[in-house]
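For reference, the structure discussed in these notes is given below.
Each ligand, and each atom within it, is numbered from 1 in the order the structure gives.
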Amino acid sequence: MARFITLISVLGAAVHVSAWGNLGHETVGRPQFLAPKAATFVHSTLNATWNFSLGPAAIWADQVKGEAAFKWSANLHFVDAEDSPLTGSCSVQEQRDCGNGQCILTAIANFTTRVVETSLPKEQILEALLFLDHVSLVHFIGDIGQPLHVEAIEEGGNGISAKCSGESSTNLHAQRSDTGMVTKHIDQSHGGTPQQYANDLVAEIKTGAFKSEAASWISCSSPTEPLSKRSPPGEMLERELKALVHAHRSAQAITPLACPLVWAAESNAFDCSVVFDFTTGEDLCSGTYFANAIPVIDLQLAKQGFRLAAWLNVLFDGATKLP
Ligand SMILES: *[C@@H]1O[C@H](CO)[C@@H](O)[C@H](O)[C@H]1NC(C)=O
Ligand SMILES: *[C@@H]1O[C@H](CO)[C@@H](O)[C@H](O)[C@H]1NC(C)=O
Ligand SMILES: *[C@@H]1O[C@H](CO)[C@@H](O)[C@H](O)[C@H]1NC(C)=O
Ligand SMILES: [Zn+2]
């Protein structure tokens, strides 16, 4: 069963356009998170077609993946974790789940090297940035809406069905239901606009509930690791991104990076807590399921915006440069 599914399955294409796209723009495109050179790179690479920012660009990779010219990218949107969340066992393993080197984990390494490869044609650099933006913002939010994903439901074969505000998630309506969870949240708690939602998350990072933990989001250490063993925030990210860029120049094989693996495991762990914690026929957009899911969506979204900014800042400004 495709478990560590990606944002596309999590939220559906519609929400990418209406919510996550703008959200990415608002959270990541802000000067306070992007360091000067990273901001300049984003602004110059994403021209007027993309409104000069990451948000509107985040949907591109999903828009093109059905096209013949982009068939090669279809498997790069996710990693199918062959774990067992329904029996309480969650994990992402590089060899088991991405053994063929064609998954979101290798794609992140691939497009990271390409985004800074100045000898590439401009369109290729743009493509790398669009892809990176998409997979990190859209697909690393986690599995929270995954039970609504049609393919997972079918592949899982265990008759999972899901409803949002009374609307059943059949094959046809899954995406709309996916959208429903976030749309309802934005309507209820964030003034009905993705921009307001983004502003609120940024405020949580800068001065609110996320302030004390935001730095730990870029430590690339597993939350289960003892504090004494964790590397200082940003250090490992900086080290491995610099090593990656160096390694690529000497044409080594693409292998997943440690930080995205930690982040994948972190998202995947929600499969064993909130994601599958519902009964058949339950309305996921109300009650306990909704109440448990929303904080996870807030958290994962804030994290990934912060992490993408850190990522680009290391690549272009040499350090994470974050509060
Ligand atoms: C943006 O750049 C792409 C190629 O990188 C080009 O095809 C497109 O016309 C440009 N759009 C604008 C508005 O300049
Ligand atoms: C860019 O902004 C304009 C005006 O706000 C909007 O109409 C357009 O849809 C945006 N383009 C993208 C790609 O988001
Ligand atoms: C790396 O990027 C190239 C160029 O876009 C693409 O052809 C290749 O499939 C990508 N591989 C992975 C693993 O992302
Ligand atoms: Zn996607």
Side-chain angles (χ1 to χ4, degrees), residues 2-21 23-24 45 54-81 92 94-95 97-146 148-152 174-175 178-179 182 241 244-245 247-249 251-257 259-261 263-264 267 300-301 304-305 308 311 315:
R3 211 143 307 93
F4 173 63
I5 296 264
T6 56
L7 253 272
I8 176 165
S9 43
V10 174
L11 298 158
V15 82
H16 287 184
V17 180
S18 66
W20 299 118
L23 201 50
T45 307
L54 290 163
I59 59 170
W60 170 85
D62 278 343
Q63 289 175 330
V64 300
K65 74 177 176 190
E67 297 173 10
F70 287 95
K71 275 262 148 64
W72 57 268
S73 70
N75 287 334
L76 303 178
H77 290 248
F78 56 85
V79 51
D80 269 352
V92 178
E94 184 180 334
Q95 274 313 309
D97 304 325
C98 194
N100 64 0
Q102 296 290 311
C103 79
I104 191 171
L105 299 169
T106 43
I108 287 173
N110 186 29
F111 293 111
T112 297
T113 60
R114 295 176 68 86
V115 98
V116 291
E117 189 58 72
T118 48
S119 63
L120 282 178
K122 266 185 142 173
E123 313 81 71
Q124 294 280 307
I125 293 176
L126 169 66
E127 182 185 291
L129 179 61
L130 291 172
F131 211 93
L132 209 50
D133 181 24
H134 176 74
V135 294
S136 40
L137 266 187
V138 173
H139 290 280
F140 265 117
I141 286 184
D143 263 357
I144 193 65
Q146 192 272 343
L148 303 177
H149 185 237
V150 181
E151 279 178 68
Q175 285 199 343
D178 291 351
T179 313
V182 177
L241 282 182
L244 174 79
V245 170
H248 182 69
R249 298 218 163 101
Q252 289 174 14
I254 302 165
T255 49
L257 297 168
C259 291
L261 264 168
W263 302 340
S267 291
Q300 291 301 93
L301 196 46
Q304 287 313 120
L308 181 56
W311 198 266
L315 290 176

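- Contact atoms of ligand 3 toward Gly101: 13 (C) (distance under 4.0 Å to a heavy atom of the residue).
- Taken from CG in Asp80 to CG in Asn75, the straight-line distance is 8.5 Å, to the nearest 0.5 Å.
- When you scan the N, O or S atoms of His77 for the one nearest the Zn ion (ligand 4), you land on ND1.
- Residue contact check for ligand 3: Phe111 places a non-hydrogen atom closer than 4.0 Å to it.
- Taken from CG in Leu132 to CD1 in Ile108, the straight-line distance is 7.0 Å, to the nearest 0.5 Å.
- The line from NZ of Lys65 to CH2 of Trp60 is 12.0 Å long, rounded to the nearest 0.5 Å.
- Counting just the N/O/S atoms of His134, the one with the shortest distance to the Zn ion (ligand 4) is named NE2.
- Nearest to atom 6 (C) of ligand 3 among the protein's heavy atoms is Trp72 CZ3, 3.6 Å.
- Checked by distance only, ligand 3 and Glu127 come closer than 3.5 Å through their nitrogen or oxygen atoms.
- Using cut-offs of 30° and 60° for the angle between ring planes, the Trp72 and Phe70 rings count as tilted.
- The protein heavy-atom contact nearest to atom 4 (C) of ligand 3 is Arg114 CZ, 3.3 Å.
- Checked against the Zn ion (ligand 4), the N, O or S atom of Asp62 at the shortest distance is OD1.
- The side chain of Leu76, and not its backbone, has at least one atom closer than 4.0 Å to an atom of ligand 3 (non-hydrogen atoms only; side chain from C-beta on).
- Ligand-side atoms of ligand 3 in range of Asn110: 1 (C), 2 (O), 3 (C), 8 (C), 10 (C), 11 (N), 12 (C), 14 (O), range being under 4.0 angstrom from any heavy atom.
- A distance of 9.0 Å separates OG1 of Thr45 from CG of Leu130, quoted to the nearest 0.5 Å.
- Taking the side chain as every heavy atom from C-beta outward, Asp97 and Cys103 never approach each other to under 4.5 Å.
- The closest side-chain heavy-atom distance from Phe111 to Gln124 is not below 4.5 Å.
- Not a single N or O atom of Gln124, backbone or side chain, sits closer than 3.5 Å to an N or O atom of ligand 3.
- The CG atom of Leu308 lies 4.0 Å from the OG atom of Ser136; values are rounded to the nearest 0.5 Å.
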